[in-house]
Each structure stands twice: as structure tokens, then as C-alpha cells.
Protein chains: 2
Amino acid sequence: MKILSELEGVCLGIISKQQPCTAYKVRNDLKAAPSSHWQASAGSVYPLLARLEAAGLVAMSSDKCDGRGRKLLTVTPKGRKSLSKWVLAGADETLISSVSDPVRSRTFFLDALNAKQRRDFLDRTISELERFLQATESRLEEVPESEDLFGYLGSLGAMKVTEARLDWLRVVRERLTRT
Amino acid sequence: MKILSELEGVCLGIISKQQPCTAYKVRNDLKAAPSSHWQASAGSVYPLLARLEAAGLVAMSSDKCDGRGRKLLTVTPKGRKSLSKWVLAGADETLISSVSDPVRSRTFFLDALNAKQRRDFLDRTISELERFLQATESRLEEVPESEDLFGYLGSLGAMKVTEARLDWLRVVRERLTRT
DNA sequence: CGATGCATGTAAGCTGTTACATGATTGC
DNA sequence: GCAATCATGTAACAGCTTACATGCATCG
């Protein structure tokens, strides 16, 4: 089994934390994540889980007590090995530098806008980011440190990075209004 | 013309800054970017540029002074409009929250590792991030503020976020060794 | 004259998105 | 009884990656 993709790893990780759980639950967790990078559409999650099952990383068992025909997922020992391998691969140089930020990408090409559009863009982006920061902060308060330490630390990272982005955008705005 | 994808927008932006330039140059700029999120493989860039040309956003002209048959790209007026639309779309809520960080994703599932593996993972990740931060800093010094202000501000953002990620990971490491 | 860099592209395959489609359960 | 939520999936399509393939130019 070759190394898992980002989405595969995240899904496997969610299952390992929530097991036994349904594919539906995995999708909802994905939607609730601090990053909306993955949209977790049915069309990606269900085939993905089928792949993981075919590879022997998760086991699907039909829940007989449920008329809806829902299937409960658990991680196999082989799946646990794959998961830890996937986590460890995160220390690779290429993965570390592969964060993508659509706002930052666009900043490079801000000269495609006129002065007024630029101001509007920055104002709107900053206020959206402030809202997003608040949402991230309240998530952090909801999940207590004692219950899910790594979930807490992950969300803490999301908050820290969002703060940094906000600080930076305020610098950009100030830098541009000064001219 | 519907809204441009991330990669399409970035490529169009690069051309608008470097024009007239070749597709090869676009690829190299992409590779040199502070984020390695896009690998800028030939198989994605060339078809993408063909799409942009078909949509009338860029113009391709064969350079007659070159035996290699290289083609020079320029952005059309229609392309400039598309570019500014793409930049402005970056203020949308969904795009703002769609930053993906492979390291942070994995932090959520760090309980899949044992204590020793966790320490190793964090140590390796932190030292890789330190190296990456230095590379980002030296890029910032290379491109002077006066020459390409927005390129400078974009790289500044990359640096600030990298610093925040590093700070956060040090907190995580400390938090875990304390137990 | 050989290696490296410039320069362009294609083909197969995998993954993800959008939109569609269905049905059971629960709470009001 | 009806709406919202739980729950699972498929089909068509678009996009990106890997690997392959070619050829000119320049420097040592």
C-alpha cells in the first residue's frame, strides 16, 4: 500500500478517533474542520472509503439494528499502521512548504486592481478573517484540552495562523494607505 | 467566462507581471513560489495556458527570432478583467477559510503515534520549518520592497505565517514533553 | 561533443466536484 | 403528516500528476 493522500489520511484519522462511525459522520466532521479546504462531498468520501476498505485499512460492518442500512466503520491494524506512516510523512520538506492560502496568492497580484478596489478587497478580507478568527476561537473553547488534547492543539494552530494572517493583512492595508 | 481556478489565476497573474514571457518561465516562477502547493508540472501548465488562450484571456505569439519555436504570452484586456475578478473573489468567506496545512492536519491525529515517534515527528518538523523560514526570509531580502511591492508583501505574509506555525509547533512540543 | 538548461507538449490514470437520486427516521 | 436530518450512493466531467517524448542552445 502506497502512502495515503491528504484526504485519505484525514478520513482514516477521523474514523480512528470516532470509531465505530458512519461515512456520514466522517463527512460532517470534515465539514466542521477549521479549514474548508475539503468540501467532503459525497462523491469523494464514499468512493474514498470504498478504496480504504478494498485496501484493508478499514472494516465496514452493516449495522443490523438500523433499518436505514447504515454501515459502521472501524480501523484495522493495517489501517493503524498506514495512519501512523501518513502522519510521519508530514515532516517531509515538500509537505511542510505546501500550505496554500488563496488570499496570499492574490496579494501577489494586487496591482491588477485599482486603488479603490484594493482598499475594498482588504477591508472585506480583514472583516471576514476577523469573523473566521472568532469562530476558530469559540471552537477552541468548546473542545476542552483535557478531552481531546490533539484536537485542541490542532485547533490552537488554526487560531495562531489565522491571527498571523490577520496581523499581516493589517500591515498590508496600512502600508498601502500610507502611499 | 466563469471564475478562474486558483492555479489559473496565479498563472494569469504571473504572465501579467512578466509579460511577454514563455510558458516555461511561468512554470519556473511557480516552482520558485514560497508555497510548493502547486508543482507546476508541464502536464498541468501547458493545457491550462491553452485553455486561457481559447477563452481569449491570453494571447500567444510565436517568436520568430527564436529557433526553438518558443511562444510569447501576453494578457489581453479581457484577461485583465478576469484577473481582477479572480483577485476580488479572494475576499469570499469560503476561500478565506480554505488554507490547508498538512502538518496541522496531522497534528489532529498525533495519537496514532507513540511517544517516541511523536517527539521525532515534532523535532524533524520543527527543524524543517526553521530551514524553510530562513529560505523565506532570504527571498524577502532578495526582492526589494521598492521594485515589486506586492510581491514583497506576499512574501512577507508567507514569512509571518511560517513564524506562527513554528511558534505553535514549539508550544505543541513543550506541551507534550511536560506530561 | 556532451551535459545542462531552455522550451514544448502528450497520454494514462487517479482524484475530486457537481449534480442527481433514493430512502429511513425523528421531532414538531 | 411533513420537514429536517440521517444515510448512502452514482454518473459525468474537469483538473492535476506522473511519466514519457522531443529538440534547440549554450557553455566548457
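Just so we're on the same page: letters track the sequence lines, and every chain starts at 1.
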K.L.:
Please give, in whole Å, the distance from D/dT18 P to A/Ile3 CD1?
P.N.:
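Interatomic distance, CD1 of A/Ile3 to P of D/dT18: 14 Å.
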
K.L.:
Could you state the atom-to-atom distance from CG of A/Leu72 to C1' of D/dA7 in whole Å?
P.N.:
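A/Leu72 atom CG is separated from D/dA7 atom C1' by 12 Å.
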
K.L.:
Sequence neighbours left out, what passes salt bridge (Lys or Arg N to Asp or Glu O under 4.0 Å) with A/Arg131? Give chain and number order.
P.N.:
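Partners of A/Arg131 by the salt bridge (Lys or Arg N to Asp or Glu O under 4.0 Å) criterion, ordered by chain and then number, come out as A/Glu128.
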
K.L.:
With under 30° as parallel and over 60° as perpendicular, where do the rings of A/His37 and B/His37 fit, or are they tilted in between?
P.N.:
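Taking B/His37 first and then A/His37, their aromatic rings stand perpendicular (interplane angle over 60°).
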
K.L.:
Apply salt bridge (Lys or Arg N to Asp or Glu O under 4.0 Å) to B/Arg173 and list each qualifying residue two or more places apart in sequence or on a separate chain.
P.N.:
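For B/Arg173, the residues satisfying salt bridge (Lys or Arg N to Asp or Glu O under 4.0 Å) (neighbours in sequence not counted) are B/Asp123.
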
K.L.:
Any side chain to side chain donor-acceptor pair (under 3.5 Å) involving residues 152-169 of chain A? Give me the pairs, sequence neighbours left out, ordered by first then second residue.
P.N.:
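Side chain to side chain donor-acceptor pair (under 3.5 Å) check on residues 152-169 of chain A returns A/Asp101-A/Arg165.
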
K.L.:
Phosphate oxygens OP1/OP2 of D/dT17: is one of them under 4.0 Å from a side-chain N or O of B/Ser41?
P.N.:
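Result: yes.
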
K.L.:
Using five base pairs at each end to define the local axes, how bent is the helix from C/dC1-D/dG28 to C/dC28-D/dG1, to the nearest 10°?
P.N.:
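The end axes of the helix from C/dC1-D/dG28 to C/dC28-D/dG1 are about 30° apart, to the nearest 10°.
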
K.L.:
In residues 90-105 of chain A, which ones come under 4.0 Å of DNA chain D, going by heavy atoms?
P.N.:
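The stretch gives none, as no residue of it lies under 4.0 Å from the strand.
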
K.L.:
State whether B/Lys71 and B/Glu53 are salt-bridged, where the test is any N-O pair (Lys NZ or Arg NE/NH1/NH2 against Asp/Glu carboxylate O) under 4.0 Å.
P.N.:
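Looking at B/Glu53 together with B/Lys71, the answer is no, because their closest N to O distance does not fall below 4.0 Å.
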
K.L.:
Mind calculating the distance between CZ (A/Arg51) and C1' (C/dC14) to the nearest angstrom?
P.N.:
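Result: 8 Å.
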
K.L.:
Strictly below 4.0 Å: does B/Tyr24 bring a side-chain N or O up to OP1 or OP2 of C/dC6?
P.N.:
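Yes, B/Tyr24 has a side-chain N/O under 4.0 Å of OP1/OP2 on C/dC6.
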
K.L.:
Calculate the interatomic distance between B/Leu7 atom CG and C/dG16 atom C1'; express it in whole Å.
P.N.:
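To the nearest whole Å, that distance equals 15 Å.
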
K.L.:
If the condition is side chain to side chain donor-acceptor pair (under 3.5 Å), which residues does A/Ser84 pass it with, not counting sequence neighbours?
P.N.:
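Here no residue qualifies.
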
K.L.:
Could I get the full list of salt bridge (Lys or Arg N to Asp or Glu O under 4.0 Å) partners for A/Arg106, not counting sequence neighbours?
P.N.:
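A/Arg106 satisfies salt bridge (Lys or Arg N to Asp or Glu O under 4.0 Å) with B/Glu6 only.
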
K.L.:
Extract from the structure each pairing of a protein N or O with an N or O of nucleotides 9-14 of chain D at less than 3.5 Å, listing the distance.
P.N.:
| from | atom 1 | to | atom 2 | distance (Å) |
| --- | --- | --- | --- | --- |
| D/dG9 | OP1 | A/Lys71 | NZ | 2.5 |

K.L.:
For a quick test of reading the model: is some side-chain N or O of B/Arg70 closer than 4.0 Å to OP1 or OP2 of D/dG23?
P.N.:
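No, B/Arg70 has no side-chain N/O under 4.0 Å of OP1/OP2 on D/dG23.
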
K.L.:
Using atom CD of B/Gln18 as one end and atom P of C/dA7 as the other, report the distance to the nearest whole Å.
P.N.:
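Those two atoms, CD and P, are 13 Å apart.
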
K.L.:
What pairs with A/Lys17 under salt bridge (Lys or Arg N to Asp or Glu O under 4.0 Å), at least two apart in sequence or on another chain?
P.N.:
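Residues passing salt bridge (Lys or Arg N to Asp or Glu O under 4.0 Å) with A/Lys17: A/Asp148.
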
K.L.:
Report the distance from atom NZ of B/Lys25 to atom P of C/dC6, rounded to the nearest whole Å.
P.N.:
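In whole Å, C/dC6 P and B/Lys25 NZ are 10 Å from each other.
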
K.L.:
What is the distance, rounded to the nearest whole Å, between atom CD of B/Gln39 and atom C1' of D/dT18?
P.N.:
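Result: 9 Å.
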
K.L.:
Per the side chain to side chain donor-acceptor pair (under 3.5 Å) rule, what does the pair list look like for residues 135-144 of chain A, sequence neighbours excluded?
P.N.:
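For residues 135-144 of chain A, and leaving out neighbouring residues, there are no side chain to side chain donor-acceptor pair (under 3.5 Å) pairs at all.
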
K.L.:
So which residues get pulled into A/Val161's cluster when ILVMFWY side chains under 4.5 Å apart are joined, directly or through others?
P.N.:
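Hydrophobic cluster check, A/Val161: joined to B/Val161.
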
K.L.:
How many whole angstroms separate atom CG of B/Asn28 from atom C1' of C/dT4?
P.N.:
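Rounding to the nearest Å, CG of B/Asn28 and C1' of C/dT4 are 14 Å apart.
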
K.L.:
Among all residues two or more places apart in sequence or in another chain, which pass the side-chain contact (heavy atoms from CB on, under 4.5 Å) test with A/Ala33?
P.N.:
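For A/Ala33, no residue satisfies side-chain contact (heavy atoms from CB on, under 4.5 Å) once neighbours in sequence are set aside.
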
